[in-house]
Amino acid sequence: MRQTLVAGNWKLNGSIDDIQTLVKGILDGMSGANGKAVAVCPPYVYIPMVSELLKGSEVGLGAQDVSEQSSGAFTGEVSPEMLKEIGCQYAIVGHSERRSIYGELDTDTANKYKAAMDSGLTPILCVGELLEERESGDTENVVARQLDAVIDAVGVEGLAAGVIAYEPVWAIGTGKTASPEQAQDVHAFIRNKVAQLDTVVAEKVQILYGGSVNGGNAAELFAMEDIDGGLIGGASLTSEAFLAICTA
Ligand code: 13P
């Protein structure tokens, strides 16, 4: 049985005040999460503060990105070791916004995945197709290519050290959620692809869905066989909206 994971990706949002209120609200309402694992991914600068606020709680902590480098002359980068030291368990890699806005390539994502994994973080690998790729029937090819880059870097066993998040780009921040069946189809494709290489890893790896998840659609999505939770953007920015998903 795979545990359900609900992770909030706060993206470029918040302030000290907002985030203190948000974290307190989440901690106050956590008792309803019945068995689900919950994590939050603040902007880098707030990670130490959130780490303090979360001390003694069950809520996990992650970063939204991570450097493939450990140290050295890499201006603006934050290493996996630094994230570990400050209390992170997770690092998101290959989010579609990193790929589309910042030009991150499949190989960059794969290198970040490997660096995160090697330092003992759990990478959350985002994959997903653009609207035009879906419309031209390329969803599976795109997701396979994104996965293959990571498998080439860390082997299929490496996938067991991370979490996969299927985030169709057309569903991110648009209010247009993939239907439970559309999402399940891609999740099953991912799991079958992994199973062709290693059935044990395929059975074990958590595959989250992301893209306009909210309190109204989470239960239906999470009920699908191969959907093991969600990566939540907009609805992770207030404790009410986030808890509605955690308790779904
Ligand atoms: P939304 O939930 O705002 O659609 O964002 C999803 C996402 O990108 C999470 O990483």
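In each ligand, atom 1 is the first atom listed, and ligand 1 is the first ligand listed.
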K.L.:
Polar-atom distance check: H95 versus ligand 1, any N or O pair below 3.5 Å?
P.N.:
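Between H95 and ligand 1 (N or O atoms, distance only) the closest approach is under 3.5 Å.
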K.L.:
Identify the protein heavy atom lying closest to atom 9 (C) of ligand 1, giving its residue, its atom name and the separation to 0.1 Å.
P.N.:
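Ranked first by proximity to atom 9 (C) of ligand 1 is E167 OE2, 2.9 Å.
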K.L.:
Any salt bridge linking E52 with K55? Criterion: basic side-chain nitrogen under 4.0 Å from a carboxylate oxygen.
P.N.:
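Salt bridge: yes.
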K.L.:
Check A171 against ligand 1 and report side chain, backbone, both or neither, counting heavy atoms closer than 4.0 Å.
P.N.:
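It is the backbone that touches ligand 1; the side chain stays farther off.
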K.L.:
Of all the heavy atoms in G210, does at least one lie under 4.0 Å from an atom in ligand 1?
P.N.:
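Heavy atoms of G210 never come under 4.0 Å of ligand 1.
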K.L.:
Would you check the N or O atoms of G211, main chain and side chain alike, for any that come under 3.5 Å of an N or O of ligand 1?
P.N.:
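For ligand 1, there is no N or O atom that lies under 3.5 Å from one belonging to G211.
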K.L.:
Nearest 0.5 Å, what's the CD1-NZ distance between I172 and K11?
P.N.:
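Answer rounded to 0.5 Å: 5.5 Å.
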K.L.:
Indicate yes or no: does R2 engage E203 in a salt bridge with an N to O separation below 4.0 Å.
P.N.:
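Salt bridge: yes.
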K.L.:
Check this for me: does any side-chain nitrogen of one of K112 and E104 sit under 4.0 Å from a carboxylate oxygen of the other?
P.N.:
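Between E104 and K112 there is a salt bridge, with a charged N closer than 4.0 Å to a carboxylate O.
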K.L.:
Can you tell me the protein heavy atom closest to atom 2 (O) of ligand 1 and the distance?
P.N.:
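Of every protein heavy atom, G233 N, 2.9 Å lies nearest to atom 2 (O) of ligand 1.
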K.L.:
Side chains of E129 and W170: any donor to acceptor distance under 3.5 Å?
P.N.:
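Distance-only check passes for W170 and E129.
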K.L.:
Without hydrogens or angle criteria, can the side chains of Q184 and D226 be said to hold a donor-acceptor pair below 3.5 Å?
P.N.:
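Yes, D226 and Q184 have a side-chain donor paired with an acceptor closer than 3.5 Å.
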K.L.:
What atoms in ligand 1 come closer than 4.0 Å to a heavy atom of N9?
P.N.:
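Taking each heavy atom of N9 in turn, ligand 1 has 9 (C), 10 (O) under 4.0 Å.
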K.L.:
Who's the nearest protein heavy-atom neighbour of atom 3 (O) of ligand 1, and how far?
P.N.:
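Of every protein heavy atom, G234 N, 2.8 Å lies nearest to atom 3 (O) of ligand 1.
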K.L.:
Hey, is A235 one of the residues with a heavy atom under 4.0 angstrom from ligand 1?
P.N.:
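A235 does not count as a contact of ligand 1 under the 4.0 Å cut-off.
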K.L.:
Nearest 0.5 Å please: distance from the SG atom of C88 over to the CE atom of M82.
P.N.:
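Atom-to-atom, C88:SG and M82:CE are 12.5 Å apart.
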K.L.:
In terms of heavy-atom contacts, does CD of E77 have more than 12 from other residues, nucleotides or ligands at under 6.0 Å?
P.N.:
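Yes - once you tally the heavy atoms of other residues, nucleotides and ligands closer than 6.0 Å, there are more than 12.
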K.L.:
Applying a 4.0 Å heavy-atom criterion (strictly less than), which segment of I172 is in contact with ligand 1: side chain, backbone, both, or neither?
P.N.:
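Both backbone and side chain.
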K.L.:
Check ligand 1 against G173 and write out every atom of the ligand that is under 4.0 Å from a heavy-atom position of the residue.
P.N.:
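So the answer, numbered in order with elements, is 1 (P), 3 (O), 4 (O).
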